[in-house]
Structures are given as C-alpha cells and as structure tokens.
There are 2 protein chains.
Amino acid sequence: MFSKTTEYGIRAMIFIMSNSLQDKRVRLKEIAAAIDSPESFTAKILQNLSKANVVDSVKGPHGGFEINKDKMQTLTLIDVVIALDGNKLFEGCGLGLKACNSEKPCPLHQHFLEVRTKITAMLVENKIIDLAQDLQTGLSFLKQ
Amino acid sequence: MFSKTTEYGIRAMIFIMSNSLQDKRVRLKEIAAAIDSPESFTAKILQNLSKANVVDSVKGPHGGFEINKDKMQTLTLIDVVIALDGNKLFEGCGLGLKACNSEKPCPLHQHFLEVRTKITAMLVENKIIDLAQDLQTGLSFLKQ
DNA sequence: TTTATTTAAGATAAACTTGTCCTAAATAGA
DNA sequence: TCTATTTAGGACAAGTTTATCTTAAATAAA
Ligand code: SF4
Ligand code: SF4
C-alpha cells in the first residue's frame with residue numbers, strides 16, 4: 001500500500017514523537033535501531049521530512065531529531081504521507097487511465113472513490129501523537 | 001494502489017470479456033489499442049493470465065484471447081489481482097514490520113485491517129462480466 | 001506442404017525505487 | 001580555536017518493475 005519510504009517515514013515519526021513527548025531528542029542511529037530500518041536510507045527520508053517541516057532537526061553534538069511543541073498536537077499520518085509520496089495515492093485514475101474524468105469514468109470509478117475515501121479518512125484521523133502514546137503504553141510496536 | 005501490471009491486466013480482462021460476450025476473439029494488437037497499453041508488456045501479462053487459467057488463448061490465424069463460457073459468470077477482479085500480484089496486497093504488515101502479529105501489533109493494526117477489508121470486498125464483489133457490460137453500455141471507458 | 005498469422009518464451013534494456021557511501025556544514029564543548 | 005559529533009547533500013550502486021525485441025511454437029488456409 002505504501003512505499004518503503006513512507007513505511008519507514010511513518011515508523012520514524014512515531015518513534016521520534018514518543019521521545020519528543022518526554023523532551024528527548026533522538027539521533028539517526030537510535031531511530032534506525034528502534035524501527036529496524038536501513039540507516040542511510042532513513043537519513044534521506046528524515047532529511048526530506050525535515051525540509052517539509054514535518055520533523056525538526058538539530059546538527060552537531062546533542063543534535064538529532066525532534067518534533068516541536070507547536071506541531072505535536074496537529075501532525076497526522078497524512079502530513080507524513082504527503083511530504084514523502086505527494087498526492088500519488090489520491091490523484092489519478094486507480095486503473096491507470098491518463099486522466100481522472102468523472103464524465104468518462106473507468107469501470108471502477110465509484111468503487112475506487114470509496115476505497116480512497118476510506119484510506120484518506122484513516123490518514124487524516126490518526127494523529128502521530130496518539131500513535132506514539134500507544135507505543136509508550138506498550139499497546140503497539142515498531143518492530144517485531 | 002495497483003501495479004502497472006495489474007492495471008493493464010484488469011483493463012485487458014474487461015475488454016476481452018466485453019468481446020467474449022459477443023463471441024468475439026480479440027488479438028493482442030486490438031487489446032493494446034483498446035486499452036492504450038504497451039503491446040509487448042501487455043503480451044507478457046496476458047501470457048501470465050493465460051497460464052493462471054484466468055483468460056484463454058488460441059494461437060495462429062483467427063487466434064487471440066477470449067474467456068471461456070464456464071468462467072464468464074464467476075470471474076471477479078480478485079482472480080486477476082491474485083494471478084498477477086499474488087497475495088502481496090493482503091498479507092504482511094501494512095507498515096512493513098517483518099511479520100503481521102496481532103499479539104505484537106503495529107500502531108496501525110486495526111486501521112489497516114479495515115482498509116484491507118474494504119479493498120478485498122471491492123475486488124470480490126466486482127464481477128468482470130458486470131464491468132464489461134457497463135463498458136458496452138457506454139457507462140464506462142478503458143482509455144481517455 | 002508451404003505460407004501467413006498469432007501467441008509463448010526468453011533475453012535484454014530502460015526507468016524507477018531502494019539503499020550505501022563519502023564529503024560538507026553546523027554546532028557544542030574542551 | 002580545535003575537535004568530536006551530528007545532520008545535509010550529492011554521487012553512486014543494487015534491486016525491482018516496466019517495457020522491448022527476437023525467435024520459437026502452434027495452427028488455419030491456400
Ligand atoms: S473512474 Fe475513478 S479512478 Fe478511474 S478515472 Fe474516474 S475517478 Fe479516477
Ligand atoms: S498491525 Fe496490522 S499491519 Fe501491522 S502487523 Fe499487525 S496486522 Fe499486520
């Protein structure tokens with residue numbers, strides 16, 4: 001469903017948030033270890049999320065990644081997905097037609113709209129902060 | 001959502017079915033033109049669908065692709081998706097964890113299950129023959 | 001039996017995603 | 001100021017998906 005980029009991105013964000021909730025900044029190494037992801041690839045992903053202002057980074061000793069107070073309450077999964085994959089998941093015809101045209105719909109038009117609505121709802125409704133809280137409570141895990 | 005392979009595969013199957021409904025066999029060239037897909041790539045996809053007994057093929061002059069009477073009423077989208085992409089869409093953790101373990105769920109466990117259920121339902125409920133009928137009626141289109 | 005037509009099969013190429021590595025820039029602390 | 005630490009950025013490598021090309025096999029019709 002998601003690209004590897006987005007999978008790692010979401011996992012990283014949940015881990016960083018769970019630390020930011022305790023005012024802890026975390027380094028790339030800790031993140032990659034916690035979510036069991038390739039370190040350099042994760043670096044690239046966090047770089048992009050940082051550019052998109054989804055995560056905050058600090059260079060140098062005691063540096064690392066964190067999520068600033070102002071964003072904490074509002075960040076949802078859709079912010080992460082859009083920052084990394086753009087609107088790919090939401091725009092364009094689900095069957096690959098060149099355009100998405102309701103006047104000239106593909107055979108699955110209505111059905112695709114429903115599935116997409118479901119996915120979008122899931123992404124909009126899930127705040128990173130809530131997912132991070134589940135993680136801290138031991139209700140969920142970021143690696144097996 | 002789907003791979004290009006599956007997108008072309010579904011479109012091809014709907015087109016072939018709409019012809020089989022009129023007892024017409026169609027050649028690769030006609031299929032690729034009708035669904036606006038790369039010809040050789042479409043050939044490979046049809047080859048796989050044929051091996052999986054999802055479509056029927058005949059070699060030589062007056063040959064081409066068709067769907068046998070016995071399958072016509074029962075074929076649904078999920079047959080095409082599984083023949084081409086396997087169970088990728090349905091198995092494994094949506095967040096990319098190494099295993100899908102309800103005892104040790106990822107933070108999106110329940111939400112992923114719901115989305116997957118929705119997608120699976122869409123694939124199971126849609127018969128190729130009904131989609132082909134919409135196409136013939138001019139209610140839907142396979143290219144823009 | 002020969003030829004033309006059509007799918008099957010396999011090799012190869014191009015494009016994209018995923019992953020690595022090396023150097024630069026920033027910054028904290030000695 | 002110098003050094004160690006950490007992210008940023010760019011180049012590159014590996015892997016996967018998408019796409020093409022060429023030859024083989026099947027078969028209908030002349
Ligand atoms: S049918 Fe649905 S998916 Fe296909 S083009 Fe129209 S809106 Fe897009
Ligand atoms: S949480 Fe959902 S997606 Fe993740 S492992 Fe469990 S079932 Fe699979």
Side-chain angles (χ1 to χ4, degrees), chain A residues 1-13 16 19 24-33 35-68 81 83-86 88-89 92 95-96 98, chain B residues 1-13 15-16 19 24-33 35-68 81 83-86 88-89 92 95-96:
Chain A
M1 179 140 54
F2 296 129
S3 63
K4 279 287 161 199
T5 296
T6 298
E7 284 180 6
Y8 296 144
I10 291 175
R11 284 198 261 158
M13 284 300 296
I16 296 167
N19 279 273
K24 278 195 244 164
R25 196 177 278 163
V26 279
R27 281 162 302 156
L28 172 63
K29 249 192 160 57
E30 304 173 66
I31 298 169
I35 71 173
D36 193 15
S37 67
E39 205 175 299
S40 310
F41 191 38
T42 307
K44 279 277 176 285
I45 294 167
L46 290 171
Q47 216 181 102
N48 289 329
L49 288 174
S50 176
K51 276 187 205 162
N53 194 34
V54 168
V55 79
D56 304 283
S57 71
V58 178
K59 284 181 187 174
H62 310 303
F65 295 89
E66 66 190 359
I67 295 165
N68 287 346
V81 171
L84 294 175
D85 272 357
K88 261 189 286 187
L89 207 60
L95 264 195
K98 275 177 186 153
Chain B
M1 179 139 56
F2 296 130
S3 63
K4 279 289 161 196
T5 296
T6 299
E7 284 180 6
Y8 297 144
I10 291 175
R11 277 150 69 190
M13 284 299 296
F15 178 71
I16 296 167
N19 280 274
K24 278 194 244 165
R25 197 177 277 162
V26 279
R27 281 163 303 155
L28 173 63
K29 250 195 158 58
E30 305 174 63
I31 298 169
I35 72 174
D36 193 17
S37 67
E39 205 174 297
S40 312
F41 191 38
T42 308
K44 277 278 174 283
I45 294 166
L46 289 171
Q47 214 182 102
N48 288 328
L49 288 173
S50 176
K51 276 186 205 163
N53 193 35
V54 169
V55 79
D56 304 284
S57 71
V58 178
K59 284 181 187 175
H62 310 305
F65 295 89
E66 66 190 359
I67 294 165
N68 288 346
V81 171
L84 295 174
D85 273 357
K88 261 189 284 187
L89 208 62
L95 265 195

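Below, chain A is the first sequence line, B the second, and so on; all start at residue 1. Owing to the predicted nature of the structure, the values given are computational and were not obtained by experimental measurement.
- Between the OH atom of B/Y8 and the C1' atom of D/dT17 there is a distance of 11 Å, given to the nearest Å.
- Along DNA chain C, the nucleotide closest to A/S3 and the one closest to A/V58 are compared, and the more 5′ of them pairs with A/S3.
- Between the CZ atom of B/F41 and the P atom of D/dT20 there is a distance of 9 Å, rounded to whole Å.
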- Item | Check against side chain to side chain contact (heavy atoms under 4.5 Å, CB included), A/L46 and A/I16 | CA-CA 11 Å; A/L46 290 171; A/I16 296 167; 3.8 Å; yes
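- Note: CG (B/D56) to C1' (D/dA26) measures 16 Å, nearest angstrom.
- Here D/dT17 presents its P atom at 13 Å from CG of B/L84, a figure rounded to the nearest Å.
- Protein atom NE2 of B/H62 is 9 Å distant from nucleotide atom C1' of C/dT5, rounded to whole Å.
- Using a distance-only test at 3.5 Å, with no hydrogens or angles considered, no donor-acceptor pair links the side chain of B/N19 to the main chain of B/V26.
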N/O to N/O distances under 3.5 Å, protein versus nucleotides 9-11 of chain C:
from   : atom 1 : to    : atom 2 : distance (Å)
C/dA9  : N7     : B/K44 : NZ     : 3.2
C/dA9  : N7     : B/Q47 : NE2    : 3.2
C/dG10 : N7     : B/K44 : NZ     : 3.1
C/dG10 : O6     : B/K44 : NZ     : 2.7

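- The nearest pair of heavy atoms linking B/A12 to B/I35 is N-CD1, 3.7 Å.
- When the P atom of C/dT17 is taken as reference, atom NZ of B/K4 falls 12 Å away, rounded to whole Å.
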- Query: Are B/I10 and B/V81 close enough, and set up right, to give a side chain to side chain contact (heavy atoms under 4.5 Å, CB included), and what steps lead you there?
  - Reply: CA-CA 8 Å; B/I10 291 175; B/V81 171; 4.3 Å; yes
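- Comparing A/T42 and B/F65 by the nucleotide of DNA chain C that holds the closest heavy atom to each, the one mapping nearer the 5' end is B/F65.
- In this structure, CZ in B/R25 is found 9.5 Å from NE2 in B/H62, a value given to the nearest 0.5 Å.
- A/L46 comes within 4.0 angstrom of no nucleic acid atom, judged by non-hydrogen atoms across all strands.
- When the P atom of D/dT7 is taken as reference, atom CZ of A/R27 falls 8 Å away, rounded to whole Å.
- Under 4.0 angstrom from either OP1 or OP2 of D/dT18 there lies at least one side-chain N or O belonging to B/T5.
- Each of B/K88 and B/P38 has a nearest nucleotide on DNA chain D; the 5'-most of these lies closest to B/K88.
- OP1 or OP2 of D/dA8 has at least one side-chain nitrogen or oxygen of A/S50 nearer than 4.0 Å.
- Between atom NZ of residue A/K44 and atom CD of residue A/E39 there is a gap of 12.5 Å, rounded to the nearest 0.5 Å.
- Counting any heavy atom pair closer than 4.0 Å across all strands shown, A/S40 reaches a base atom.
- To the nearest 0.5 Å, the span separating CE on A/M13 from CD1 on A/I67 amounts to 3.5 Å.
- Look at CD on A/E66: it is 13 Å from P on C/dT27, rounded to the nearest Å.
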